[in-house]
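Below, read A as the first sequence line, B as the second, and so on, with proteins coming before strands; counting in each chain starts at 1.
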Protein chains: 2
Amino acid sequence: MTAESSPTPPTSPTLPLRERKKLRTRQTLIDTALDLFGAHGFDGVTLDGLCEAAEVSKRTFFRYFDSKEDVAMAPTQDLWAAFLDVLETCPADGRRLLALFEDALTEAIGRMPADGWAERVLASRRLAALTPSMDAHGLAFCDRTTRSALAVVERRFTLPGPDGRLHARLALDLLVVLFHRTLDAWVTQPTGHTPDDLVHRLHATAAELPSALTATAGPQV
Amino acid sequence: MTAESSPTPPTSPTLPLRERKKLRTRQTLIDTALDLFGAHGFDGVTLDGLCEAAEVSKRTFFRYFDSKEDVAMAPTQDLWAAFLDVLETCPADGRRLLALFEDALTEAIGRMPADGWAERVLASRRLAALTPSMDAHGLAFCDRTTRSALAVVERRFTLPGPDGRLHARLALDLLVVLFHRTLDAWVTQPTGHTPDDLVHRLHATAAELPSALTATAGPQV
DNA sequence: AGGCTTATGCCACTCAGTGGCAGATTCTCG
DNA sequence: CGAGAATCTGCCACTGAGTGGCATAAGCCT
C-alpha cells in the first residue's frame, strides 16, 4: 500500500523483503490487537475477529504468537529481550549486581523504538490490569526471562561464595519487583508517559528499597 | 461409603452433612488430580478423564475450581489463605514489616494439616516446574494474594511516611520472592520434605537477602 | 526463468470452560 | 414424620482457543 519513496536503492541497508513483510505483519497484529482489546476488552474480542481485522488467518497468527495473551504482551517482551541482549555484552566491573541490572534495564529501555513504544506499553499494562489471564502470562514471562538472565550471568561472570548463584537470582528477582512497582506508578500517573520518566521512576523506586527493608508498622489508631 | 463409627452424635461437633460431603468431594478432586497429573503429566490428562476418575461431572468440577490449573495449585492456595488469616489477627508491635510477614508465613505453614500437606505441595510444585500454564497461574495467584495482604496491612496498621504504602508492598513482594526461592530449594532437595524444614529454609533464605543486595560480580576467568 | 525454500490459507479436530434445565439430595419447619 | 424450600449435581449443547496436515502462493537463489 504505502510504497517506499525509493523503489530499489542500489545498496539496500534494509532487511530482505520477506523479513520486512514479517516484521510488518507482526506489528500490524500487535497494533490491531491493542486497538481492539482497548475498545472491547480482552475477552470481548475473539481471535477470529482479530485475525479478520488484521487480514491474516488464525493459523498465521499462531506462527507469530504463542497465545492470545502473547500478542498483547509483545511490548514488554521486546524490552526484556533487549535486557538480555545488553546483559550479554555489558562489562563486569566490580559493581553491585543490582546496580548492574538496573543499568542494563535502563539501557534496554533506551533501545526501544521511540515511535509509539511507550504508548503500546501503556495500553498493554492497562489491559493486563483488567485481565487476569494477561497478568498471569506476563508474570510467567518475567519468570522465564529471569531464569535466562541468570544463565547469562552465570556464564559471563564470576559469582563469589557458595551462595553466589542464589544472590544473583535474588538480585534479579528484586529487579523484576522494582520494575513492576515502577510500571504501576508510571501507568497510574495521569500524564508524562515517556521512556525517560520510566527510567527516572525506576531509579526512584530502587532508592526506596533500603527503607522498605527496615520499614516498621504501628497499630492503627 | 465409609460410614462414620458414630451414626448420629447428639451434639455433633462436625459440620453439617452437606458441608462434609463438599469438603470430601473437593479433597478427592485434588488428590485424584495430583495423582493423574503426576502419572501422565498435566497436559496428558483431560478434564473429562479427571472427572471420570473422581466420579464427578465436569460441570461439578467447575463449581469447586476455576480452572484445570486451579485444582493442582490448591495446596499452595490454602497456605496463602492461612497467611492472610494470620495477618488479620497478628499484633503490630514495632517490628520490621518483613520480619512480621516472615513470622506470619511461618505461623501459616504451622497451621497446614499435618497429614499429607507437604506431600501435596511437593507434587504440586514439581508439576508446576514442568507446566508453564500452572506456573503462570501460581504466580498470578501470589500477586493477587499480595494485593489482598497489602489491603489488610493498610487497614490494620499505620504505615509511616509518604512512601509507607510502597514500602509495605515492596516488603510483601520480597516475602513472595523469598518464599519462591525457598520452595525451589526445598523441592529440589532429595529428602526431608517437612514443613519444619521449609520454615527453616525460609529463614535461611531471608538471611541471605542483605548479601544479595550488595553482591558483586567479577569477569569470568 | 526455473527450481528451492518458506510463509500462508484452509479445514477439521481436540479440549477447556459456560449456560440452562431437570432431577436428586439435604435442610428446615410445621 | 412429611412437605416444601434451598442446594447440589448431572446432562447436553455451545463458544472459543489452540493444533496438525496439506495444498498453494510468495520470496529467494543461480
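- A straight line from CG of Leu47(A) to C1' of dA16(C) spans 14 Å, rounded to a whole angstrom.
- Between the CG atom in Leu174(A) and the CG atom in Leu174(B) there is a gap of 5.5 Å [rounded to 0.5 Å].
- For His193(B), the NE2 atom is densely surrounded, since the number of other residues' heavy atoms within 6.0 Å is greater than 12.
- Put simply, CZ on Phe65(A) is 16 Å from C1' on dA17(D), counting in whole angstrom units.
- Contact check, Ser57(A) against dG9(C): a side-chain N or O comes under 4.0 Å of OP1 or OP2.
- The distance between atom CG of Asp43(A) and atom P of dG17(C), rounded to the nearest whole Å, is 13 Å.
- Within 4.0 Å of Lys58(A), counting heavy atoms only, lies at least one base atom of the nucleic acid.
- Evaluation of atom-type donor-acceptor distances gives no pair under 3.5 Å for the side chain of Arg59(A) against the base of dG18(D).
- Contact check, Lys21(A) against dG27(D): a side-chain N or O comes under 4.0 Å of OP1 or OP2.
- The side chain of Thr25(A) sits closest to dT8(C) out of dT9(D), dG17(C), dT8(C).
- Remark: Glu208(B) does not engage Arg169(A) in a salt bridge, criterion side-chain N to carboxylate O under 4.0 Å.
- Between Glu55(A) atom CD and dA25(D) atom C1' there is a gap of 17 Å when expressed in whole angstrom units.
- Taking atom NZ of residue Lys68(A) and atom P of nucleotide dG16(D), one finds them 9 Å apart after rounding to whole Å.
- Rounding to whole angstrom units, CG of residue Asp48(B) and C1' of dC12(D) are separated by 13 Å.
- Distance Phe62(A) CZ to dG20(D) C1': 13 Å, rounded to the nearest Å.
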From CA spacing to verdict: side-chain hydrogen bond (donor to acceptor under 3.5 Å, both in side chains), Glu102(B), His203(B):
CA-CA 8 Å; Glu102(B) 218 179 300; His203(B) 295 310; 2.7 Å; yes
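- Considering only side-chain atoms of Arg63(A), the nucleotide from dG10(D), dG18(D), dT8(C) that sits closest is dT8(C).
- Within the 4.0 angstrom heavy-atom criterion, only backbone atoms of the sugar-phosphate kind lie near Tyr64(A); the bases stay farther away.
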side-chain hydrogen bond (donor to acceptor under 3.5 Å, both in side chains) between Ser57(A) and Thr60(A): does it pass, once the steps are laid out?
CA-CA 5 Å; Ser57(A) 77; Thr60(A) 296; 3.2 Å; yes
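- Here Thr46(B) does not reach the OP1 or OP2 of dC15(C): none of its side-chain N or O atoms lies under 4.0 Å away.
- When the P atom of dC15(C) is taken as reference, atom CG of Leu50(B) falls 14 Å away, rounded to whole Å.
- On a pure distance criterion of 3.5 Å, no polar donor-acceptor pair joins the side chain of Arg20(A) and the base of dG27(D).
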